[in-house]
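Working notes, beginning with the structure itself.
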2 protein chains.
Amino acid sequence: MRKTIVIALGGNAIKQADEKGTAEEQFKNVQTTCAQLVSMLKFGHRLVITHGNGPQAGNLLIQQEAAVGEIPPQPLDICGAMTQGQIGYMFQQTMQNMLWKEKLPLPVVSIVNQVLVSEDDPDYQDPTKPVGPFYAEAEAAKIKKERPDYVIKEVKPKSVEKRFRRVVPSPDPIRNIEYIAIRRMVDAGIVVIASGGGGVPVVYDKNENLRGTAAVIDKDKAGARLAEVVGADMFLVLTDVDAAKINYGTPQEKAVRTVTLSEMKKLHKEGHFKAGSMGPKVLACMRFIEWGGECAIITSLDKAVDALVGKAGTRVVPDPVKE
Amino acid sequence: MRKTIVIALGGNAIKQADEKGTAEEQFKNVQTTCAQLVSMLKFGHRLVITHGNGPQAGNLLIQQEAAVGEIPPQPLDICGAMTQGQIGYMFQQTMQNMLWKEKLPLPVVSIVNQVLVSEDDPDYQDPTKPVGPFYAEAEAAKIKKERPDYVIKEVKPKSVEKRFRRVVPSPDPIRNIEYIAIRRMVDAGIVVIASGGGGVPVVYDKNENLRGTAAVIDKDKAGARLAEVVGADMFLVLTDVDAAKINYGTPQEKAVRTVTLSEMKKLHKEGHFKAGSMGPKVLACMRFIEWGGECAIITSLDKAVDALVGKAGTRVVPDPVKE
């Protein structure tokens, strides 16, 4: 049966942790990823793909800062849109090449995509998401003076000296802005790459105009919002492990297989999933099922096709309908 | 009557020559531009918008080079896709804001868009399009050694010392790669921003895979290709003058108003239009009419709405159909 599936790709789909991020490296990873995506397209599924942008945005921010005397750096929202172009291009071209080889020339398009957040989000009170270069103490003090809008904090250091970084909030995504266009594109049979890097975060200003905000949205949470607005059947979160685990790192560690929303809520409440990693993925899956999705899956890239038919991964399904 | 119009925006639609290119400056110019575009949308026309990316790509290349020791620079095709994201975002957000104020919430979306060229294009033999930073002689020699794939030439200098720059070919666009997706999007009532910066130039490699090529495509010529594939009625080239001129810069200077394709061909042959500026615009207009377009217009941003109804600009129309 033909399904509409939103797939949130993990960082390893584009760049491995030990790589510098050359175009060659990234294209190679993207190829491995696209081979899996093309398998799903061959089953007749409609795909909407989203991805992170952490390493790419990080590199771009360092490049912008390196030329700061000569070229005005662009704000974080524009940098986000730039990485949507960058990563979208690599996926789009690679997937097109593979689809043409399969004689299945589905149109594939990446879009610039904004996601609404609110500056009333509690994360704006105490931002913790580090972005851009590491600074030594003196540099950090200088940047603080030059950019009063920046919040600089001491973070997990890169080296003994370089312990400071700019931090921004990671607000909860409220709504995908281009939802009508994306829905129409999916209906028209287009494979859409959207909400890259969690989407370009935007807020309404006092004149009710959208404008960018210096923030980073969790790509899995934004992916769940995307899945809602396209009316997806399934939401697939791909990461570097094949399932969510309970009692992680203990002798009682056990993979979660197929669970109902209520069962997953219980596990989530019991604190089995770490805030920085599996937590938001589980939350995103629960939200998608709460909205009305049929199945949300967490698994690894190589298990994705098996997971779709119930043979792998952590799968969250709805509770029975009761009065 | 409702028409499908492809609009190629000049560089001044985004950045004025005397500006540094801050986000604030660019958003301000984009607002002026979008006010005109929204007027056309209010008439019920369907718009597909394309734009240049020269200053933005130039800035990005300088930023990439400034951090070259730390961060691997991305190749020119990826930089092009990044500027499609950057510029597309500014237009998309600004147009959406204006349309919502008009209670005309048409979906607006920018896409990553590739354009096919050929490495057999004669321009690959002697590339002349300068990109990226200016170099002093010693720097140029060093870069030549490090990057054997670069062609470095002496160009119109920025300063007495800095006389060298990388040059790339500007091949003729053969075909817009995402033509099916764009056509479906236009049919679905989406305002599409496409082929930014002339499109990301791609060629087929020996395995019949698309891959990026280090080149820059003229955005007006690529705009004509875009107009063909979406089956546009009109092609509108907006620039900083209100019409193409014959005998430019002489006492006999005269604006070209409405001319047939044959008449325009004659003027073009007589050498009235400069290769670096008005020439490609005239050529793009002629190609669009040759393909089967109804009307191609060259005018300034502020005359665009008048030009659509024949009250301004240079207009190229087809010759009478003969046996």
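Here is how names work: the chains are called A, B, and so on, in the same order as the sequence lines, proteins then strands, and each is numbered from 1. Quantities reported herein were computed from a predicted structural model and do not represent experimental measurements.
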In short, V155(B) meets F164(B) closest at the heavy-atom pair CG2-C, 4.5 Å
Next on the checklist: With side-chain contact (heavy atoms from CB on, under 4.5 Å) as the criterion, how do V191(A) and L41(A) come out once you've worked through the C-alpha distance, each side chain's angles and the decisive distance to 0.1 Å?
Outcome noted: CA-CA 9 Å; V191(A) 179; L41(A) 289 168; 3.8 Å; yes
Turns out that what part of M90(B) lies under 4.5 Å from chain A's heavy atoms comes down to side chain
Open item on the list: Before you tell me yes or no, could you show the steps for I49(B) and L37(B) under side-chain contact (heavy atoms from CB on, under 4.5 Å), namely the whole-Å CA-CA distance, both residues' side-chain angles and the distance that decides it to 0.1 Å?
Closed with: CA-CA 9 Å; I49(B) 296 142; L37(B) 301 176; 3.9 Å; yes
Heavy-atom nearest pair, V200(B) first then A81(B), reads CG2-N, 3.8 Å
Chain A shares the most heavy-atom pairs under 4.5 Å, among G58(B), G196(B), A181(B), G80(B), with A181(B)
(message) V109(A) vs V112(B), test: side-chain contact (heavy atoms from CB on, under 4.5 Å). Steps then yes/no.
(response) CA-CA 7 Å; V109(A) 166; V112(B) 172; over 6 Å; no
Checked G88(B), P105(B), A67(B) vs chain A; the most non-hydrogen pairs under 4.5 Å come from A67(B)
Counting C-beta onward and ignoring hydrogens, is there a side-chain heavy-atom pair between I7(A) and L47(A) closer than 4.5 Å? yes
Between chain B and chain A: donor-acceptor pairs at under 3.5 Å:
unit_1, atom_1, unit_2, atom_2, d
K20(B), NZ, E70(A), O, 2.7
G21(B), O, Q74(A), NE2, 3.1
Q63(B), NE2, Q64(A), OE1, 3.3
Q64(B), OE1, Q63(A), NE2, 3.3
E70(B), O, K20(A), NZ, 2.8
Q74(B), NE2, G21(A), O, 3.1
D77(B), OD2, Y89(A), OH, 2.6
Y89(B), OH, D77(A), OD2, 2.6
Q92(B), NE2, V112(A), O, 2.8
Q92(B), NE2, E178(A), OE2, 2.6
Q93(B), NE2, Q114(A), OE1, 3.0
Q96(B), OE1, Q114(A), NE2, 2.8
Q96(B), NE2, E178(A), OE2, 2.9
N97(B), OD1, L210(A), N, 2.7
N97(B), ND2, L210(A), O, 2.9
K101(B), NZ, N207(A), O, 3.0
K101(B), NZ, E208(A), O, 3.2
K101(B), NZ, N209(A), OD1, 3.2
S110(B), O, V112(A), N, 3.0
V112(B), N, S110(A), O, 3.0
V112(B), O, Q92(A), NE2, 2.8
Q114(B), OE1, Q93(A), NE2, 3.0
Q114(B), NE2, Q96(A), OE1, 2.8
E178(B), OE2, Q92(A), NE2, 2.6
E178(B), OE2, Q96(A), NE2, 2.9
R184(B), NH1, A188(A), O, 2.6
A188(B), O, R184(A), NH1, 2.7
N207(B), O, K101(A), NZ, 3.0
E208(B), O, K101(A), NZ, 3.2
N209(B), OD1, K101(A), NZ, 3.2
L210(B), N, N97(A), OD1, 2.7
L210(B), O, N97(A), ND2, 2.9

task = Show the numbers, then the answer: is there a side-chain contact (heavy atoms from CB on, under 4.5 Å) between L226(B) and I182(B)?
result = CA-CA 9 Å; L226(B) 177 63; I182(B) 300 172; 3.8 Å; yes
**Report entry** Validation row: V115(B), I177(B) side chains within 4.5 angstrom (heavy atoms)
**Finding:** no
Greatest number of non-hydrogen atom pairs under 4.5 angstrom with chain A, of I62(B), L60(B), V202(B), falls to I62(B)
Any side-chain heavy-atom pair from I78(B) and F27(A) closer than 4.5 angstrom?
yes
In terms of heavy-atom pairs under 4.5 Å with chain A, the winner among P72(B), P75(B), A66(B) is P72(B)
One option among P73(B), C79(B), A23(B) has the most heavy-atom pairs under 4.5 Å with chain A, and it is A23(B)
